[in-house]
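Okay, so here's the structure we're looking at.
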Amino acid sequence: GPYGEWGSRKYLMSSLNQSLKRMNLDYVDIFYSHRYDPVTPLEETLQALVDIVRQGKALYVGISKYPKEAAEFAYKYLEERDVHCLLYQGRYNLFNREPEEEGVLQQAKGNGTGFIAFSPLAQGLLTNRYLNGIPEDSRMAKGAFLKKEALTDETLQKIKALNEVAASRGQTLAEMSLAWLLKDDLVTSVIIGASSVAQLADNLKATENTDFSAEELEKIKKIIQK
Ligand SMILES: NC(=O)c1ccc[n+]([C@@H]2O[C@H](COP(=O)([O-])OP(=O)(O)OC[C@H]3O[C@@H](n4cnc5c(N)ncnc54)[C@H](OP(=O)(O)O)[C@@H]3O)[C@@H](O)[C@H]2O)c1
């Protein structure tokens with residue numbers, strides 16, 4: 001729309017209204033501020049979230065891709081207005097551990113906010129998709145979000161080594177990658193992508209075994225740190 005894509009009250013309110021109309025719904029379960037807007041005063045963005053809940057257009061709110069300091073402000077601002085921040089949405093997977101390294105996971109937990117991981121399979125890298133080349137129908141072949149340059153020799157070696165650990169657990173690499181994220185209470189859930197029903201079925205099996213032995217965790221750590 002004409003109102004940008006950041007965090008102004010005008011943008012948030014109008015984009016939600018348009019979405020509700022398109023989806024033919026009265027309210028959404030969760031509405032995220034995606035993403036932190038360095039230009040709009042944070043109070044304006046957060047007050048819009050509060051008002052959206054008060055209007056009954058969202059049951060819960062969340063934030064996505066907020067720097068740590070802005071997230072802290074958001075958690076407090078919302079809490080003081082009785083609108084608990086339900087979720088923080090961030091990129092987190094075996095190949096990108098920033099939320100862990102930067103303390104975003106702990107910060108969310110400390111504020112009673114869940115963490116939900118997007119791109120939990122690193123857009124398909126953490127699956128069996130690229131073990132033997134780049135399939136024609138893959139996201140990488142289409143090239144929009146996942147570039148061929150991402151599949152370096154080093155990354156391919158890591159994928160193969162991780163795939164072996166997964167096999168020793170009786171899981172596919174996709175299953176193990178999701179299970180690894182869900183292994184403790186720092187991650188509430190994952191937002192999986194799937195381009196087929198078979199992939200979805202595979203991914204759902206991840207929840208059948210989210211326990212890792214210390215030895216497995218050490219093996220995985222060594223592979224991803226290389
Ligand atoms: N907040 C944000 O900034 C942000 C940013 C990005 C995404 N998101 C959200 O997160 C969602 C998921 O992101 P994502 O699609 O990047 O997630 P992803 O789960 O990391 O990647 C999904 C891709 O992995 C492949 N795949 C999935 N399951 C597989 C399996 N079992 N075996 C083999 N390959 C498998 C598929 O690739 P092929 O298509 O090649 O089959 C699929 O398209 C998005 O839809 C969006 O809602 C949020």
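Whatever order the structure lists them in is the order used to number ligands and atoms, beginning at 1.
- For atom 19 (O) of ligand 1, the closest non-hydrogen atom of the protein is Gly193 N, 3.0 Å.
- Residues Val53 and Leu59 are not in side-chain contact: their nearest non-hydrogen atoms beyond the backbone lie 4.5 Å or more apart.
- Among all non-hydrogen protein atoms, the one lying nearest atom 3 (O) of ligand 1 is His34 CE1, 2.8 Å.
- Side chains of Tyr130 and Leu146 form a contact here, defined as non-hydrogen atoms less than 4.5 Å apart.
- Comparing Phe118, Tyr130, Phe145 by heavy-atom distance to atom 2 (C) of ligand 1, the nearest is Phe118.
- Summary of contacts: the protein heavy atom closest to atom 47 (O) of ligand 1 is Ile191 CG2, 4.1 Å.
- Gln55 and Tyr27 share no donor-acceptor pair across their side chains, judged by distance under 3.5 Å alone.
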Inset, instruction - Would you please test His84 and Glu79 for side chain to side chain donor-acceptor pair (under 3.5 Å) and show each step? - result: CA-CA 5 Å; His84 181 65; Glu79 200 67 51; 2.6 Å; yes
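- Under a cut-off of 6.0 angstrom, the local environment of CD in Glu43 is crowded, with over 12 non-hydrogen atoms contributed by other residues, nucleotides or ligands.
- Looking only at protein heavy atoms, the nearest one to atom 28 (N) of ligand 1 is Asn203 ND2, 3.0 Å.
- In this structure, Thr45 contributes its side chain and Gly7 its backbone to a donor-acceptor pair below 3.5 Å.
- The heavy atom nearest to atom 35 (C) of ligand 1, considering only Gln89, Lys205, Gln199, is found in Gln199.
- If you look at Glu175 next to ligand 1, there are no close heavy atoms at all, none under 4.0 Å.
- At a 4.0 Å heavy-atom cut-off, ligand 1 touches Ser119 through backbone and side chain alike.
- Between Tyr88 and Phe115, the ring planes are parallel. Angles under 30° get that label, and only those over 60° would be called perpendicular.
- Ligand 1 places these atoms under 4.0 Å from at least one heavy atom of Ala174: 30 (C), 31 (N).
- When each atom of ligand 1 is checked for a heavy atom of Leu121 under 4.0 Å away, the hits are 18 (P), 19 (O), 20 (O), 27 (C), 28 (N).
- Comparing Lys142, Gln123, Arg35 by heavy-atom distance to atom 21 (O) of ligand 1, the nearest is Gln123.
- Geometrically, ligand 1 and Ile192 share no nitrogen or oxygen pair separated by less than 3.5 Å.
- Ranking the protein heavy atoms by distance from atom 40 (O) of ligand 1 puts Arg139 N, 2.8 Å first.
- Between the side chains of Gln18 and Ser15, not a single donor N or O lies within less than 3.5 Å of an accepting N or O.
- Not a single protein heavy atom sits closer than 4.0 Å to atom 45 (O) of ligand 1.
- If you check which protein heavy atom lies closest to atom 25 (C) of ligand 1, you get Gly124 CA, 3.7 Å.
- Within a 4.0 Å radius of atom 12 (C) of ligand 1, the protein contributes one or more non-hydrogen atoms.
- Within the listing of ligand 1, atoms 38 (P), 39 (O), 41 (O) sit less than 4.0 angstrom from a heavy atom of Ser195.
- In this structure, a donor-acceptor pair under 3.5 Å is present between the side chains of Gln47 and Asp51.
- The shortest contact between atom 37 (O) of ligand 1 and any protein heavy atom is with Arg129 NE, 4.1 Å.
- For the ring-ring contact (aromatic ring centres under 6.0 Å, His included) with Tyr66, the qualifying choice from Tyr77, Tyr32, Phe73, Tyr36 is Tyr36, the only one to do so.
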